[in-house]
Every structure is written in structure tokens, then in C-alpha cells.
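Just so it is clear: chains get the letters A, B, ... in the order the sequence lines come, proteins before strands, and each one is counted from 1.
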2 protein chains.
Amino acid sequence: MKVEKISELTTNRLSVYLRCLNELSAKGIKTVSSDDLAKRFHLNSAQIRKDLAYFGEFGVRGVGYYVDNLRQDLTKILGLDKPHNVGIIGAGRMGTALADYYEYSQTNFSVVALFDTDKAKVGQKVGNVKIHDIKKFEELVKKEEIDVAVIAVPAQYAQDILEMVVKVGIKAIMNFAPIPLKAEENIKIRTVDLTISLESLSYFLAQPTGENGKIMKPIAKNRRIKKK
Amino acid sequence: MKVEKISELTTNRLSVYLRCLNELSAKGIKTVSSDDLAKRFHLNSAQIRKDLAYFGEFGVRGVGYYVDNLRQDLTKILGLDKPHNVGIIGAGRMGTALADYYEYSQTNFSVVALFDTDKAKVGQKVGNVKIHDIKKFEELVKKEEIDVAVIAVPAQYAQDILEMVVKVGIKAIMNFAPIPLKAEENIKIRTVDLTISLESLSYFLAQPTGENGKIMKPIAKNRRIKKK
DNA sequence: CAATACTGTTTCAAGTGTGAAACAATTTTT
DNA sequence: AAAAATTGTTTCACACTTGAAACAGTATTG
């Protein structure tokens, strides 16, 4: 087993493997080889073995992996055996949508509070989740044991909110504001930028494509700015 | 100017640059150098110039870039000068949240239709967007000139939906189902997997961290499965 | 005209990720 | 006991991205 740094790509794949195993388990399949797993879900068997090897020896040579055992192992590695409490900052469209979405997806993540500055929103509820004044953030983080923050505020406030969140001791943050945020090294930020995603699709549509479907080349040269 | 393939990372950055320029423009700033831009938004000036160079010469040596000109150029490169019509498949929590979110974000993407199989939902509206029977997908794609599809259905249906979408001629797809989808090369799929994002945060929280904040090493070895 | 500023472009080194291949070790099957 | 299956592990080649450095070319400034 290696003891080096684990790439985020590796842990992302663990997430995928876990889901595949859950599916297999639901089908009543007890054991699976890396080859089998790779073929079923369009993965790479060597990569599966390599990824798992970072964390220990989970398989049985000559047999493969016991589905339920590996599920448990991955669940533990990913920290999904313990519940997490999520606070969402920004009770706008994005924030409330996320609250709604996560509340009803059966995971070990519970949305326990929404926060906003808008007095009109404070006190209201989204599903079972109450909207609090952002001033009470620290208080509620402690009371509700929030360990994950979701930032869903307009871009211009996002960095300030991040700093507030970090100051209170939160280490894991999901950012939906369309702006890259900066924090110390021991803070983990995942930014999901729906605007970039859409714009990248737009770019794709705007480009001329060749027979093979590949984007061929950008627009013409000699587009010079005239002197004013 | 180069005429090679453009990496998605490059076009993602173009998206970011455009936003930065919009901000500068709003502040009334007329010109900006790559260095200036890099410092303001924590980017890399060499990278900015390199990225732009793929598409032409937009700057003025000795001066920098004219903010509004470059905005227009990037807008055009990204295909954001033309409107796009979006159809969202799956009127569940995710689908309706996205419809709501995109409807009120001022972009050139308009959500023109939602689709679902649930008869109870068909005919209802989310904001100004009507929910249609999925059987009418092809018809509406033509009528409403939908060129971007958003897949927001449960994982097990996602691949089938994708194939239906592709068959109708849609080339740009955003996938929110937590499963990687496969399509031909000339189809562009962007998957946004909120589950993986959260689970990656969970992994981070579960790991022991050293003084430097770096994740130190995985769990212990010698976790062998006993023979049954 | 000279100095300055800044882009456009190339080159290089470093780091990272991927996929294939190979093979010893171990277990099951025959 | 031999054959087959499959993991755990290493190694290698390839591709991609980044960031730095260097420098010619072009515009502005003094």
C-alpha cells in the first residue's frame, strides 16, 4: 500500500465505485472482480485496483471483491459512515433549491440550516429547514454541529462569506457562486460553476465541427484592433 | 495563432475572463493589461495571453486590451452572442430547481420546456415554463428550437434519456444524474455530480491532517478478508 | 527619437494522470 | 498437484497542463 498523497481524482472515483457496488448489491451480486466491475460500468480495471491499493488490500486473489465488504470499506474511507450537517448560506433560488434537493436525497448529509441577510426571509422555512439571520451563523454552527457549508450567494459577496465561514472553524465548503474562492490550504473548497458549464456547451455549439465531430479550429486571424 | 485543438480548460478560463471583464466594464475601466487582469483576479498573465492567442490577436502591444472589445470578442468566441434554448428533462426537485434558477439568471440561455413522464406533473408550470410529456420531446425540440438539453432524471434512466436526446439531434447536454454517460464523440456532455462533490468533502473531513493541513496518509494496511 | 509598456509566441522543465503490460502472490477449481 | 483466476504492485510510455522565461514586435509616452 502506498502512503503518498491521494489525488482528488482518485477519491472521486471511489465515490463512483461505491455507487456501482451499491447497484450490484441491490441486484444481489455478492462478489465482483475488478475486470467485471470495469466492464459493467465502463471503467478501467487497472485503475480500480490501483485506486483501492492506496487504502489497503480489499480483494481476494483468485476471487475478486466481496461486494458488501468493499461497500463498507469505501463508505468508511469516504467518511460516509458518519453523519454530516450542512448549513446553506444564501436563501435565494440556488440556496433553497439545494436545500430542497439535499433534504430529500437519502444521504448522510442533513441540511440543518439556511442563512440569509434578508429580514423578509429570516424565520421562514424551506421544507423543514429554517432560514436564519446570517449573524447567527456561528451560534448555529456550534448548536447544530454544522461541518459543511454551502455558499450560494451572489459572486460579489462570496469571498467575504467564505472568510466568515472559515473563521468559525468550518473546513469543508461547497461553492455555487460563479467565482473562484481562495482560502488556506487546510480548507477544502469545491466550486460548482453552472455558468461555466453552460458556457462551455455554448462554445461547443458555436464551433465548426469536422466529419469526425472534433472541433476543428478557432476563428480567423488578423483581427486587429484599430488605433483609436 | 495556433489552430490546434482547444482544451476545455482553456475555454473554461475564457468564461472566467469574460466575467472579469464584465466586472471591469461595470466599474468603467476601459483598458486592462494581462498583468493587471491577473493581479486583480488571481490569474496568471502568461496563461491569459496564451489562452487568447488561440483565437486571435485581441490586444494592443504597449497598451493591453480594450475591455469592451475583448468582452465582445470573448462573447462571440463562446457563442454567447446567440440565444440558446434549453429543455430540461425531469421535473423533479433538481429539474424544477434548475428551471427556476436559470429562468431568473440573466443569460442568453432560456429554459423553454420541462419534460417528465409523470402524468400528474404534465401540464403544470414552474415559473413560466410548462411541463410537457416526454413523448413530445422531439416535437418541442423542433418547435422551440431547443439546442441544449439538461438531464435531471434518476441515474437509472439517464443513459436511455441521453440516447433519446441525441437521436433528436441535440448536441450539447448537461447531465445532473449522478452517473457518467457515454455518447459519440461529436456530442458534448457536461456532468455535474453533486453527490461526488459532497462525498469528496466528506472524505476530506474524514482524513487525518498534518500541521500543514495536507492530508497525510490513508488508513492502515493488513485489512484482509478472511476466507469464508 | 529613445525609453517604456505590453502583447504574441516559443521553448522548456516540472508535475500529474492514464492505460497498458508484466508478474509474483494467493486462492479456487479441476 | 496442476491449472486457472484474479489481486496487488511496479514500471513505462504517453499526453496534458502549468508556469516561467525569454524575446521580438508594436504602440505609447516623454
Side-chain donor or acceptor of [X] paired with backbone N/O of [Y] under 3.5 Å:
X        : Y        : value
B:Thr11  : A:Ser200 : no
A:Asn108 : A:Lys82  : yes
B:Thr107 : B:Phe109 : yes
B:Ser7   : B:Leu9   : yes

Open item on the list: Side chains of A:Thr75 and A:Asp81 only: does a donor on one sit below 3.5 Å from an acceptor on the other?
Closed with: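 Short answer, no.
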
Task: DNA chain D-proximal residues of residues 14-24 of chain A, any heavy atom under 4.0 Å - done: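 Contacts with DNA chain D under 4.0 Å: none.
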
TODO: Indicate yes or no: at least one non-hydrogen side-chain atom of B:Met174 is less than 4.5 angstrom from one of B:Val86.
DONE: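 No; the side chains remain at least 4.5 Å from each other.
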
Task: Carboxylate-amine/guanidinium contact B:Asp73 B:Lys76, below 4.0 Å - done: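 No, this pair does not count.
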
TODO: May I have the step-by-step check of side chain to side chain contact (heavy atoms under 4.5 Å, CB included) for A:Phe58 and A:Leu74, ending in yes or no?
DONE: CA-CA 10 Å; A:Phe58 304 105; A:Leu74 289 181; 5.9 Å; no

Residue [X], side-chain heavy atoms: nucleotide from [options] that is nearest:
X       : options                : value
A:Arg61 : D:dT6, C:dA20, C:dT9   : D:dT6
B:Arg49 : C:dA20, D:dA27, C:dT7  : C:dT7
A:Lys50 : C:dT28, C:dG19, D:dA20 : C:dG19

Task: Pairs satisfying side-chain hydrogen bond (donor to acceptor under 3.5 Å, both in side chains), at least one member in residues 151-166 of chain B, at least two apart - done: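 Listed once each, the pairs are B:Gln159-B:Glu163.
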
- [ ] Compute the bend angle of the helix from C:dC1-D:dG30 to C:dT30-D:dA1 from the end axes (five pairs per end), rounded to 10°.
- [x]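 The end axes of the helix from C:dC1-D:dG30 to C:dT30-D:dA1 are about 10° apart, to the nearest 10°.
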
- [ ] Sequence neighbours left out, what passes salt bridge (charged side-chain N to carboxylate O under 4.0 Å, His left out) with B:Glu8? Give chain and number order.
- [x]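 Applying salt bridge (charged side-chain N to carboxylate O under 4.0 Å, His left out) to B:Glu8 gives B:Lys188, B:Arg190.
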
Task: Contact nearer the 5' end of DNA chain C, comparing A:Val63 with A:Ala46 - done: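 Looking at DNA chain C, the more 5' nearest nucleotide goes with A:Ala46.
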
Open item on the list: Could you work out, with side-chain contact (heavy atoms from CB on, under 4.5 Å) as the rule, every residue matching A:Thr195, not counting sequence neighbours?
Closed with: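 Scan of A:Thr195 (side-chain contact (heavy atoms from CB on, under 4.5 Å), adjacent residues dropped) gives A:Pro178, A:Asp193, A:Glu199, B:Arg19.
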
Counting only side-chain N and O atoms of [X], is one of them less than 4.0 Å from OP1 or OP2 of [N]?
X       : N      : answer
B:Tyr65 : C:dG8  : yes
B:Ser34 : C:dC6  : no
A:Asn44 : C:dA20 : yes

Using nucleotides 13-17 of chain C, report all nitrogen or oxygen pairs with the protein that are shorter than 3.5 Å.
from, atom 1, to, atom 2, distance (Å)
C:dG17, OP1, A:Ser7, OG, 3.1

